[in-house]
Every structure is written in structure tokens, then in C-alpha cells.
Amino acid sequence: MWIFLWIGLVLGVYCVFHKIYVQRKRCTSTVTLHGKTAIVTGSNTGIGRATALALALRGATVILACRSKQRGEEAARIIRTESGNDKVVFMHLDLASLRSVRAFAETFLKTETRLDLLINNAGIAAPGHTEDGFGLVFGVNHIGPFLLTNLLLGRLKECAPSRVVNISSCGHDIGTIDFNCINTHKTLELGSTDMHIFRNYCHSKLCNVLFTHELTKRLRGTNVTCYSLHPGSVKTELGRNLNGWYMVVVKFIMQMLFQTDVISGSQTTLYCALQEGIEHLSGRYFSDCEVQDVKPEAKDNEIARKLWDISEKLCNLT
Ligand SMILES: NC(=O)c1ccc[n+]([C@@H]2O[C@H](COP(=O)([O-])OP(=O)(O)OC[C@H]3O[C@@H](n4cnc5c(N)ncnc54)[C@H](OP(=O)(O)O)[C@@H]3O)[C@@H](O)[C@H]2O)c1
Ligand SMILES: *[C@@H]1O[C@H](CO)[C@@H](O)[C@H](O)[C@H]1NC(C)=O
Ligand SMILES: *[C@@H]1O[C@H](CO)[C@@H](O)[C@H](O)[C@H]1NC(C)=O
């Protein structure tokens with residue numbers, strides 16, 4: 001137990017020093033998005049909202065895919081005002097429900113004609129289970145986006161060149177995949193203390209990196225490219241469900257000293273979504289607007305394929 005705490009702290013400090021003080025790059029692409037359509041999940045707050053605003057400012061039709069109608073509509077209203085772009089709409093999506101993911105995809109495919117950018121931004125670190133009995137972190141951070149991405153792949157292919165961007169985290173570096181646990185308990189690690197949630201979060205972020213790796217292979221020859229990334233350490237609501245004493249301490253130190261604002265936090269997402277000429281880097285992991293190498297387990301063909309297969313089964317995609 002304590003060992004995990006220390007690993008977490010060491011990782012936190014490592015991330016912070018390594019990334020924050022170097023994480024200063026901006027997405028400088030001047031691409032405009034008139035006539036293009038983007039989906040940003042979890043865009044009522046945090047990094048997602050900053051990303052949605054930036055895309056709206058470039059002229060895109062932006063779908064705010066959020067679980068709360070009230071928070072989603074409020075964010076859409078604010079973004080429309082701030083961007084002067086009235087093609088910003090809320091559509092209901094709860095990633096903790098496969099039924100909701102399917103309903104969202106159906107509505108989206110019926111009401112919109114294009115899809116140029118799918119930004120899997122929503123993420124959570126909290127205890128509990130999804131409607132379908134998955135561990136909440138596994139379900140929301142991995143299984144939901146997995147199904148969503150698959151249901152929208154056809155449209156992405158029709159609109160190629162198009163892109164899928166997955167918001168992972170440097171935390172993936174201490175993540176592991178326990179296929180036994182997935183098979184028996186539909187979660188990545190058992191336990192519901194803050195430390196377990198934090199570790200589940202890291203595992204789920206490793207899933208994101210592995211999926212990007214596998215998806216790229218499946219998309220070869222389609223002109224649909226995909227990227228995963230670490231957004232930096234950003235002041236958001238992400239830690240809202242972790243309240244153990246040490247988390248309070250960690251959060252305080254982060255807030256005071258290291259964290260950056262959501263606009264900076266959205267730069268690597270925007271870079272992966274917009275930068276011209278990075279198509280050959282499809283499947284790779286980015287941090288601070290630059291491609292970065294990942295540990296062997298995060299680009300292992302065998303693990304990536306196995307995770308893909310098991311995920312397909314878990315959401316009845318086959
Ligand atoms: N902040 C950081 O330092 C940091 C570092 C590394 C990676 N990240 C990643 O960056 C991404 C954005 O996080 P953030 O920091 O901006 O966090 P945030 O402020 O907590 O925003 C997360 C968003 O995800 C949404 N969400 C949660 N559960 C959902 C569900 N079941 N269905 C649909 N949407 C759901 C939230 O909606 P509600 O408002 O309704 O809860 C919210 O809009 C996440 O993937 C996170 O893992 C963040
Ligand atoms: C993003 O992650 C989800 C869940 O891990 C996965 O289903 C999807 O294929 C990934 N997409 C990309 C482009 O990595
Ligand atoms: C992919 O893009 C290239 C260059 O624009 C184009 O020549 C090719 O036909 C496209 N392939 C598909 C499958 O759309």
C-alpha cells in the first residue's frame with residue numbers, strides 16, 4: 001500500500017518537473033476549420049472546454065459530447081458567445097453507459113453529415129461502476145471511448161483525411177494491463193481507495209496509448225490518423241473525487257506550484273488535431289507538442305491486439 005503511495009508521489013514529482021517546466025510549447029498551426037465538424041467529449045469544463053473553444057474559433061462545427069445536459073448546454077452557450085460561432089451544440093453522451101454511447105452515435109450520424117476530428121478527452125478518476133458493470137475508471141476512460149470510436153470510424157473514413165485524438169496522461173507510464181482482472185471483474189485493478197483509483201487511472205491511460213497503437217494499424221491506407229497525448233499538468237476538476245489526506249496535500253502542492261491553465265493544457269491536443277505534416281506519426285504519443293517515445297509495454301503489438309479483442313467482446317462489437 002505505502003509503496004504505491006510513494007510510487008505515485010515520485011511519479012507526480014517526476015511528471016511535474018519533467019513536463020511543466022518544459023511544457024511551454026504552443027500549437028502554431030494556422031489551419032482553419034470552416035465546413036469541418038469536430039466532437040470533443042467531456043467539453044463542459046477543463047481542457048475539453050478550452051479545446052472546443054479553440055476549434056470553434058477556427059470555424060468548426062463543434063459537438064460538445066457531455067453527460068450533463070445542463071452543464072453541456074451552459075458551456076455551449078458560453079463558447080458560442082466567446083467565439084462568435086453559432087455552430088456549437090451540446091449532444092448528450094454518458095461514457096459510463098454503452099447504451100448512451102450507442103444512442104449518441106446514432107443521433108450524431110443522423111443529424112451531422114461530416115466528422116473530421118474526434119477528440120476523446122473525457123476522463124475520470126473516481127470510485128464506482130458503470131451501468132454495464134465495468135469499473136468506472138476503466139469504463140469511462142477506455143471502454144466507452146473504444147465503442148464510440150468504433151461506431152464513428154465509418155464516418156471518419158468517409159471524411160478522410162480525418163483524425164482521432166486520445167487524451168492519455170504521463171501516468172500511463174506506471175500503468176499495467178492485467179487481463180485476468182479485466183476478464184473476471186471488468187476492471188483494471190480491484191480496490192476502491194484513492195490509491196487504487198489513481199492506479200486504475202494510470203492503467204486506463206495505458207489502454208489509451210495501446211489503443212492508439214492498434215488503431216493506427218487497423219486504419220492503414222484510410223487517411224484516418226490517430227494520436228495519444230499527455231496534456232501537461234493542468235488546473236482542472238480532475239481530482240475532484242480524490243479526497244484522502246495525501247491527495248489533499250498533493251493537490252495543494254500541485255495547485256500552488258506547478259499546474260498550468262487550461263489554454264496551455266489544450267495545446268498538445270490542438271497540435272495533434274491540427275498540425276499539418278504529422279500524419280506519418282499516426283499511432284504515436286505526444287507531450288508538449290512533440291512526439292515522445294513510450295515504454296515497450298505501451299507499444300507492444302501483442303498486448304495492444306489482445307486489449308482490442310477483449311474490448312470488442314466486452315462491448316458486443318463482434
Ligand atoms: N488535468 C491534468 O493535469 C491532466 C493530466 C493528464 C491527463 N489529463 C486528462 O485530460 C482529460 C481532461 O481532463 P481535465 O483535466 O480537463 O478534467 P475535468 O476538468 O475533470 O474534465 C473531465 C471531463 O470529462 C467528463 N466526464 C467524466 N465522466 C464522464 C462520463 N461518464 N461521460 C461523459 N463525460 C464524462 C466530465 O464531465 P462532468 O463535468 O459532467 O463531470 C468533464 O467534462 C482527461 O482525459 C484527463 O485524464 C488531465
Ligand atoms: C482512443 O482510446 C479509446 C479507448 O482506449 C480507443 O477505443 C480508441 O480506439 C482510441 N483511439 C485512438 C485514436 O487512439
Ligand atoms: C489518401 O490521401 C492521399 C493524398 O491526399 C490520396 O492520394 C489517397 O487517394 C487517399 N486515400 C484514401 C483511401 O482516401
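Just follow the structure's listing: the first ligand is 1, and inside any ligand the first atom is 1.
- Near Gly42, the atoms of ligand 1 lying under 4.0 angstrom from a non-hydrogen atom of the residue are 23 (C), 24 (O), 25 (C), 42 (C), 43 (O).
- Every atom of ligand 1 with a heavy atom of Ile124 under 4.0 Å away is listed here by number and element: 28 (N).
- Those atoms of ligand 1 with a heavy atom of Glu237 less than 4.0 angstrom away are 19 (O), 20 (O).
- When only non-hydrogen protein atoms are considered, atom 3 (C) of ligand 3 lies nearest to Asn223 ND2, 3.5 Å.
- Using a 4.0 Å cut-off between charged nitrogen and carboxylate oxygen, Glu290 and Lys25 count as a salt-bridge pair.
- Of the listed residues (Ala125, Cys66, Gly123, Gly232), the one carrying the non-hydrogen atom nearest atom 5 (C) of ligand 1 is Gly232.
- For the pair Thr222 and ligand 3, the shortest N or O to N or O distance does not fall below 3.5 Å.
- Residues Asp300 and His213 bring no donor and acceptor atom of their side chains to less than 3.5 Å of each other.
- With ring centers used as reference points, Tyr285 lies under 6.0 Å from His172.
- Side chains of Asp94 and Ser97: a donor-acceptor N/O pair is absent below 3.5 angstrom, by distance only.
- Classification of Lys186 and Asp132 as a salt-bridged pair fails, no side-chain N sitting under 4.0 Å from a carboxylate O.
- A side-chain hydrogen bond (donor to acceptor under 3.5 Å, both in side chains) with Asn120 is found for one member of Thr41, Thr149, Asn208 and no other, namely Thr149.
- For atom 35 (C) of ligand 1, the choice among Ala122, Gly239, Ser287, Ser233 with the nearest heavy atom turns out to be Ala122.
- Annotation: Phe211 is in aromatic contact with His142 [ring centroid separation under 6.0 Å].
- Counting only N and O atoms by type, the side chains of Tyr227 and Thr225 include a donor and acceptor under 3.5 Å apart.
- Ion pairing of Arg114 with Glu158 is absent here, as no side-chain N (NZ or NE/NH1/NH2) approaches a carboxylate O to less than 4.0 Å.
- Of the N or O atoms in Pro231, none lie within a sub-3.5 Å distance of an N or O in ligand 1.
- Taking only nitrogen or oxygen atoms, main chain and side chain alike, Arg71 reaches within less than 3.5 Å of ligand 1.
- Of the N or O atoms in Leu238, one or more lie within a sub-3.5 Å distance of an N or O in ligand 1.
- Checking only distances, Asp94 does come within under 3.5 Å of ligand 1, N or O to N or O.
- Evaluated by nearest non-hydrogen atom to atom 15 (O) of ligand 1, the leading choice among Ile167, Thr236, Thr130 is Thr236.
- For ligand 1, none of its N or O atoms has an N or O atom of His230 under 3.5 Å away.
- For Ile47, a nitrogen or oxygen atom sits less than 3.5 Å from a nitrogen or oxygen atom of ligand 1, counting backbone and side chain alike.
- Looking at Lys235, Arg67, His92, it is Arg67 that brings a heavy atom closest to atom 38 (P) of ligand 1.
- When each atom of ligand 1 is checked for a heavy atom of Tyr201 under 4.0 Å away, the hits are 6 (C), 7 (C), 8 (N), 9 (C), 46 (C), 47 (O).
- Salt-bridge check for Asp309 with Lys313: failed, with every basic side-chain N at 4.0 Å or more from each acidic carboxylate O.
- Of all atoms in ligand 1, numbered sequentially from 1 with element shown, those under 4.0 Å from a heavy atom of Gly46 are 16 (O), 19 (O).
- Two residues are said to be in side-chain contact when any heavy atoms from C-beta on lie closer than 4.5 Å; Lys157 and Leu219 meet this criterion.
- The atoms of ligand 1 that sit less than 4.0 Å from any heavy atom of Thr45 are 19 (O), 21 (O), 39 (O), 42 (C), 43 (O).
- Put simply, part of Gly221 is less than 4.0 Å from ligand 3, judged by heavy atoms.
- Under 4.0 angstrom from ligand 1, there are no non-hydrogen atoms of Thr41.
- Between His185 and Leu190, the closest side-chain pair of non-hydrogen atoms falls below 4.5 Å.
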